[in-house]
Amino acid sequence: MGKKDKQQEFVAHITPRNEDFSQWYTDVILKTDLVDYAPVRGCMVIKPYGYGIWELIQQEMDRRFKESGHKNVYFPMLIPESLLRKEAEHVEGFAPEVAWVTQGGSEVLQEKLVIRPTSETLFCAMYAKWVQSWRDLPMRYNQWCSVLRWEKSTRPFLRTSEFLWQEGHTIHATAEEAQEETLLMLEIYREFAEKVLALPTYVGQKSDKEKFAGARATYSMEAMMQDGKALQAGTSHNFGTNFAEAFGIQYLSKEGQLEYVHETSWGTSTRMIGAIIMTHGDERGLRLPPRVAPIQVVILPIAQHKEGVLDRARALAESLKKAGIRVELDDRDTYSAGWKFNEWELKGVPVRLELGPRDIDNGVATVMRRDTLEKSTLPLAGIEDALKALLDDIHATLYRQADEFRRARTYTATDMEGLTRGVQDGFVEAAWCGERACEDRIKELTGATSRNMPFDQSGMPSDVCVCCGKPAGKLMYFAKAY
RNA sequence: CGGGGUGUAGCGCAGUUCGGUAGCGCACGUGCUUUGGGAGCAUGGGGUCGCAGGUUCAAAUCCUGUCACCCCGACCA
């Protein structure tokens, strides 16, 4: 294979409406060492580089949870069948995709256990024990764990049988507080996506059809992938007193009345890593947002066998590390410089620093930023601050590019023709009557589902439903979804 | 769960039509020369052909079953 061919291995995978986008995705996650397929149905192994991203996501998000007053807990993985069955809608929603434990050792169990697909029921069981009085409220807990859902079809990060996530579960004295919490967490997710993942998202309320099993209201943030499809990247639910009534979670109010608590839950998962890949990736591979890049700066000593080069490179790595930059010195002498360039670009490291004899003579380092592929030089003196600024700029650029992309691909439609055309390569904003029948029909005719209803409902494209023509009350985003 | 496809060396594949000693490229080991955009030459190692049965003197190849994975749908974070 010639040089050109090798370099073009990934070229042209991401283009508008390109059917190879899926293929590009699977290629890139395998070639960049993020994951490998496990010898377990629908499950993946997350390798060190991929897990590094998750650790940074956890760190950043956990800090936000702590700042807003949440505490971490850990609950068991197994749920007794009877507990799962307590909330009718919930069990109906999850029953088709739970895995059962029916035997322990050689003994067949009296009561089957499910491996948690989510932990609402366990939290409810414990909250029922823990809450006595209004003084105990609110309780705001979060859990980092994995859950298992017997999915029919799977894809690394986007949908796997077992996946890592965080699930927050809170209970409150009043409906207002619960709603406030639900929206607060949605906003924390949105801000996190923007500031940490460089992901622009659409936030809003889900339709009844798409809401969580057992929720009164579900809110989501939806990101747009480069093939125009939507990826639900986080959800926040308000349960009202649904679960409290099913599980008997009651407290004595200040007035001495026995009241049900109002409950919320919210979650995000490793799916966000899939969102990063499919939003920012390009024909050379990954482009990782600096704040979740396990390696932010890679230093490549050039002609490293020459006197002093490696020493200078090591010193540089050391000083960047001290400055709090996640840096890797690639001093492998078994690969050529060109090979390393390609490999680190493929892996999406935001900044590459080349340090060779010429640079050292001039007191500079050659810098390549992964987002724009622009090459320049920076003086070695004070390079730490310049790099930090550069990383921030890369983050901003990635966000801007993604934001421009989604704006360009967000359409409005007033009829089915426009809707059908729009969802071929993006999101469509349309007026909707609120009826399930129209959602179903739209799904059938266009393949698109309702995503969410923005909080700002102004700018309705028409006053009648895009589907049935009856007077419409809701501004809704429609898109094909992962 | 429906429709389609693929399982042969770490990776990507050829060989299956028509049964007859297991192949290629990359990667990997060793040596020398290289090193600022995927280096070159020489030499070497590595595979119970997804698994289980069956047919046959003989099976990667034919038959039956089974498992895994990929793509497109339906279902879902």
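Protein chains get the first letters and strands the later ones, always in sequence-line order, with residue 1 at the start of each.
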For [X] and [Y], test the side chains for any donor-to-acceptor distance below 3.5 angstrom and give the result as yes or no.
X	Y	result
A:Asn238	A:Thr264	no
A:Tyr482	A:Asp227	yes
A:Arg369	A:Ser376	no
A:His70	A:Gln166	no
A:Glu167	A:His169	yes
A:Thr201	A:Glu194	no
A:Tyr202	A:Thr410	yes

Across all strands, who's sitting opposite [N] as a Watson-Crick or G-U wobble pair, both distances under 3.5 Å?
N	result
B:rA14	none
B:rU35	none
B:rU61	none
B:rG29	B:rU43
B:rC1	B:rG73

Base, sugar-phosphate, or nothing for [X], non-hydrogen atoms under 4.0 angstrom?
X	result
A:Lys443	sugar-phosphate
A:Thr366	base
A:Glu345	base
A:Pro357	base
A:Asp359	base
A:Gly42	sugar-phosphate
A:Leu158	base
A:Ser153	base
A:Gly267	nothing
A:Met368	base
A:Thr334	nothing
A:Arg155	sugar-phosphate
A:Arg332	nothing
A:Glu97	sugar-phosphate

**Message:** Taking the six-membered ring for Trp, are A:Phe123 and A:Phe75 closer than 6.0 Å centroid to centroid?
**Reply:** yes
If I pick the [atom1] atom on [M] and the same atom on [N], what distance separates them, to the nearest angstrom?
N	M	atom1	result
B:rG25	B:rC63	P	31 Å
B:rG47	B:rG10	P	9 Å
B:rA39	B:rC26	P	13 Å
B:rG46	B:rU30	C1'	15 Å
B:rU61	B:rC49	C1'	10 Å
B:rA60	B:rU16	P	14 Å
B:rC67	B:rC11	P	23 Å
B:rG31	B:rG37	P	27 Å

Rounding to an integer number of Å, can you tell me how far [X] [atom1] sits from [N] [atom2]?
X	N	atom1	atom2	value
A:Glu210	B:rA74	CD	C1'	14 Å
A:Lys152	B:rC69	NZ	P	16 Å
A:Leu346	B:rG37	CG	P	19 Å
A:Lys31	B:rA27	NZ	C1'	13 Å
A:Glu343	B:rA39	CD	P	12 Å
A:Leu186	B:rA77	CG	C1'	14 Å
A:Asp330	B:rG37	CG	P	15 Å
A:Asn362	B:rG36	CG	C1'	13 Å

At less than 4.0 Å, is any side-chain N or O atom of [X] found next to OP1 or OP2 of [N]? Yes or no.
X	N	value
A:Arg284	B:rG37	no
A:Ser336	B:rA39	yes
A:Tyr219	B:rA77	no

**Fill in**
Contacts of A:Pro156 and A:Lys209 projected onto RNA chain B by closest heavy atom; the upstream (5') one is A:Pro156
**Message:** Here's a test of your reading of the structure: between A:Tyr482 and A:Tyr335, which maps to the more 5' nucleotide of RNA chain B?
**Reply:** A:Tyr335
**Prompt:** Counting side-chain heavy atoms from C-beta on, which of B:rG38, B:rA77, B:rG37 comes nearest to A:Trp339?
**Reply:** B:rG38
**Request:** Please work out whether the ring planes of A:Tyr189 and A:Phe65 are parallel, tilted or perpendicular, with thresholds of 30° and 60°.
**Result:** perpendicular
